[in-house]
Protein chains: 2
Amino acid sequence: MLDVLRHVHLHPETTRAELARDLGLSRGSATEIVARLRALGLVEETAAEPTGTRGRPTRAVRRHDRGPVVAAVDVSYESWRLAVAHVGGEFEHLRLERHRGQGAEEVLSRISEALHEARTAFGTRLRAIGVSVSGTVSGSRLVESATLGWRDVDVAARLRVAPLPVVLGNDATMAGVAEARRGAATGADVALHIAIEVGVGGVVLEHGRAAVGSTGGGGEFGHLPFGDPDRPCPCGARGCWDLEVDGRALARILGDPPPAAPRSAADAVLRRAGEGDPAARAALEQVARNLGRGIGGLVNALDPRIVTLSGVAASIFDLAGDSVRTAYRSGLMRFRRHDPPPLIRAAFPQDGSLRGAAELAFDTVLSEAGLDSWRTDVRPAPEPG
Amino acid sequence: MLDVLRHVHLHPETTRAELARDLGLSRGSATEIVARLRALGLVEETAAEPTGTRGRPTRAVRRHDRGPVVAAVDVSYESWRLAVAHVGGEFEHLRLERHRGQGAEEVLSRISEALHEARTAFGTRLRAIGVSVSGTVSGSRLVESATLGWRDVDVAARLRVAPLPVVLGNDATMAGVAEARRGAATGADVALHIAIEVGVGGVVLEHGRAAVGSTGGGGEFGHLPFGDPDRPCPCGARGCWDLEVDGRALARILGDPPPAAPRSAADAVLRRAGEGDPAARAALEQVARNLGRGIGGLVNALDPRIVTLSGVAASIFDLAGDSVRTAYRSGLMRFRRHDPPPLIRAAFPQDGSLRGAAELAFDTVLSEAGLDSWRTDVRPAPEPG
DNA sequence: CGATTATGCTCGTGAGGCGAACATAATTGA
DNA sequence: TCAATTATGTTCGCCTCACGAGCATAATCG
């Protein structure tokens, strides 16, 4: 039953026949399970597109249009976004607000209000909340965010709405989830996602599941010491890769002072490089090599099938793909070079983390417990006795 | 049923009552399942140790002494070993042979013979073969082994015995599995194992499952570019961590020529350092810092609960623990420092990879398919019709 | 317009776990 | 010493769920 519902979520345009084939179910079981899901208001059946082949036409199985939804929140440098996602991954963007100059408390209050509004609007259809934040996550807390200037905030607790589970994750992790499940790394057994905003984040995904470590703080690849061992990093360590590949690196190579907003600074330098500015171009090439070399090391260590790039990493790859690739290949162990995992631009450069947050929130809905609670909400348990 | 059998495997001294409690089974189900497992010759029941508490005494559930076994092979620098493991993890070392001067073909022939002998001795009780090799693994092949001097050998194919599945893995991966399931990292949700023999190997384990990447070649942490970016590595890349922490690093720091046998060279230097030789001590301290710094970076990136060390890494940690720890802590992101994952000596310094190979081989036995095939071997299917 | 084909539906079957009622074997305590 | 207490084992009716055979249905093919 769960398998079927998950399949509908991942393949929204599916049919009864496909469900039976892909999940190895007998046609009888498919009938029964889909009937149960329909009774629960989770899926609907409609006539399928005519295929022109022989045989009785199968029926399309789609999400019920009053089925469960999740809220997804993405808090990034200058703004936060709220969306609602349906079974099948369909998205409704609900809200986008700038938060320049606001503190963590204020921002979280605004978001919390918006979530409560969503709860009011969708009622019990709203089942879970996924939150992506730009910063280091540990458990339910945002430990530190250079981007936001927040420190040690219990984001999940602040955004809790009544009984709904809240799933918190780093933005790069979330974006990686979206790529692995519906984006450029769909179907890859092991995928590596690399995102540069301020510093480098990322995540390893096994069959779409993020390896987030014991506290959810995994994927901080930017704090691997790939760089100059003497250069201090704001994180407290030295030689972090972070400092060699983002806007700070570009500024340093150009002899500029450290930028206040490394992401925008990076975009500016890359734009100049694209327009032919030779100094900017040289800085870009250097950073491209640093990026490629680091990715090579990570591929050696993690053995992914594919590497997806987003944020500044994608821009660098667009503008200096050859330099990235060359450094990447020479950073690989020799035996990997004849068939290296491809470097691919992310499929969701804009809203990957929002989509990933929705996916992880849906994981709690598409679970034994989530289904049970949906059942009791749809058809409240009769009074015992 | 599988859950129960796995529980018996992981907790060999268990009881009926404990099974029901730990797996959330009703007593009725426990009765039925254990009866089925007994009928299949997989477990036996005996009187349990008297506990002195009230109530009817529970019954001990142990492996059947004619139950399934797996063969575990470990091919390391100078020798190979063959052991047989039982449900519950009990070990019988069967064979230890030196293979100095022999080529891959010859060594594999000898091992294959020994495996066939084991098959003859144990008959259908032998269900699977786990093989640990010192070198880089990809799929069923050993891609390259500096230690053994082998290149691109299909080890799994060479060691196949009749219908038995063969599981191949890198020695550090296998040792990590043993640590995570029965050793120093037992119970950790995420564990990082670091082994130094020639270069650095390792593995991340999530709930005892090894993250081996898309081809099984993961865990080559030694080829992350933590080192001098200009120093070429035999792997083809530059700046590999490998070159900063093993016997080659110690020799280089001491001004000695590159050792032919880095593992023994490392042991020799460490011995001298332990005896007070100041040059050896200085080299040790340097390597200890390189090790600690790299582990710090890996902990940043992978967020394990615990780090286990084996091989030369364990020796370095014994002799220069403070240097390792200091470099480790200063390589950590600041927020991790107040409660960093502990660095622990491996529980199985001698035979971790052999044990891990047995564990992974047992994974194929303690599976739906493995159980089915055991069923047909115990009680052959009646002729249809 | 019947033959062919793929799919949907119904229903008997069997596996497997639950939990209530009862049986059993230990300790406790009067 | 022996009944009460307690934890566990055993039996059995029940429920859920998927299977798969046999039949029904709706399309294309010839």
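Note that this is a predicted model, so its numbers are computed, not measured. All values below were derived from every heavy atom in this structure, side-chain atoms included, with hydrogens, water molecules and symmetry-related copies excluded. Labels below follow one simple rule: chain letters A, B, ... track the order of the sequence lines, proteins then strands, and each chain is numbered from 1.
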**OP:** Report the nucleotide, chosen from D:dA24, C:dA25, D:dG22, that has the shortest atom-to-atom distance to any side-chain atom of A:R27.
**Re:** D:dG22

**OP:** Identify whether any heavy atom of B:T31 sits under 4.0 Å from a base atom; if not, whether one sits that close to sugar-phosphate; answer base, sugar-phosphate or nothing.
**Re:** base

Subject >> Residue pairs, two or more places apart or on separate chains, that pass side-chain hydrogen bond (donor to acceptor under 3.5 Å, both in side chains) and touch residues 28-40 of chain B >> reply: B:R16-B:T31, B:S26-B:S29, B:R38-B:E45

Original post:
According to the interplanar angle, ranging from 0 to 90°, do the rings of A:F362 and A:H9 count as parallel (below 30°), tilted (30 to 60°) or perpendicular (above 60°)?
Top reply: tilted

Original post:
At under 4.0 Å between heavy atoms, what does A:S26 touch on the DNA or RNA strands: base, sugar-phosphate, or nothing?
Top reply: base

**OP:** Could you state the atom-to-atom distance from CZ of B:R16 to C1' of D:dT10 in whole Å?
**Re:** 9 Å

Subject >> Side chain of B:R54 (C-beta onward), nearest among C:dG16, C:dT27, D:dG20 >> reply: C:dT27

Subject >> Closest listed nucleotide, where the reference is the side chain of B:E32 and the choices are C:dG8, D:dG20, C:dG17 >> reply: C:dG17

**OP:** Starting at atom CZ of B:R59, determine the distance to atom P of C:dT24, rounded to an integer number of angstrom.
**Re:** 15 Å

Subject >> Name of the residue among B:E13, B:E44, B:E90 meeting salt bridge (charged side-chain N to carboxylate O under 4.0 Å, His left out) with B:R63 >> reply: B:E90

Original post:
Where each residue is assigned the nucleotide of DNA chain C containing its nearest heavy atom, which of A:T53 and B:L25 is assigned the position nearer the 5′ end?
Top reply: A:T53

Original post:
Within this structure, what is the CD-to-C1' distance between B:E18 and D:dA7, rounded to whole angstrom?
Top reply: 15 Å

Subject >> Selection from C:dA23, C:dT7, C:dC18 that lies nearest to any side-chain heavy atom of B:S29 >> reply: C:dC18

Original post:
Which of the following nucleotides, D:dC17, C:dT7, D:dT8, is nearest to the side chain of A:R56?
Top reply: C:dT7

Subject >> Spacing of A:L2 atom CG relative to D:dA18 atom P, expressed in whole Å >> reply: 10 Å

**OP:** Counting heavy atoms from C-beta on, name the nucleotide in D:dC19, D:dT8, C:dG8 closest to the side chain of B:R21.
**Re:** D:dT8

Original post:
Any salt bridge between A:E359 and A:R182, counting N to O under 4.0 Å?
Top reply: yes

Original post:
Can you check the A:E368 CD to D:dC17 C1' distance for me, whole Å?
Top reply: 12 Å

Subject >> Protein-nucleotide distance (B:R36, atom CZ; C:dA15, atom P), rounded to Å >> reply: 10 Å

Subject >> C:dA6 phosphate, OP1 or OP2, under 4.0 Å from A:T58 side-chain N/O >> reply: no

**OP:** Could you check how far CD of B:E45 sits from P of D:dT8, rounded to whole Å?
**Re:** 14 Å

Subject >> Ion pair check, B:D363 and B:R181, cut-off under 4.0 Å >> reply: yes

**OP:** Calculate the interatomic distance between B:E49 atom CD and C:dA25 atom P; express it in whole Å.
**Re:** 19 Å

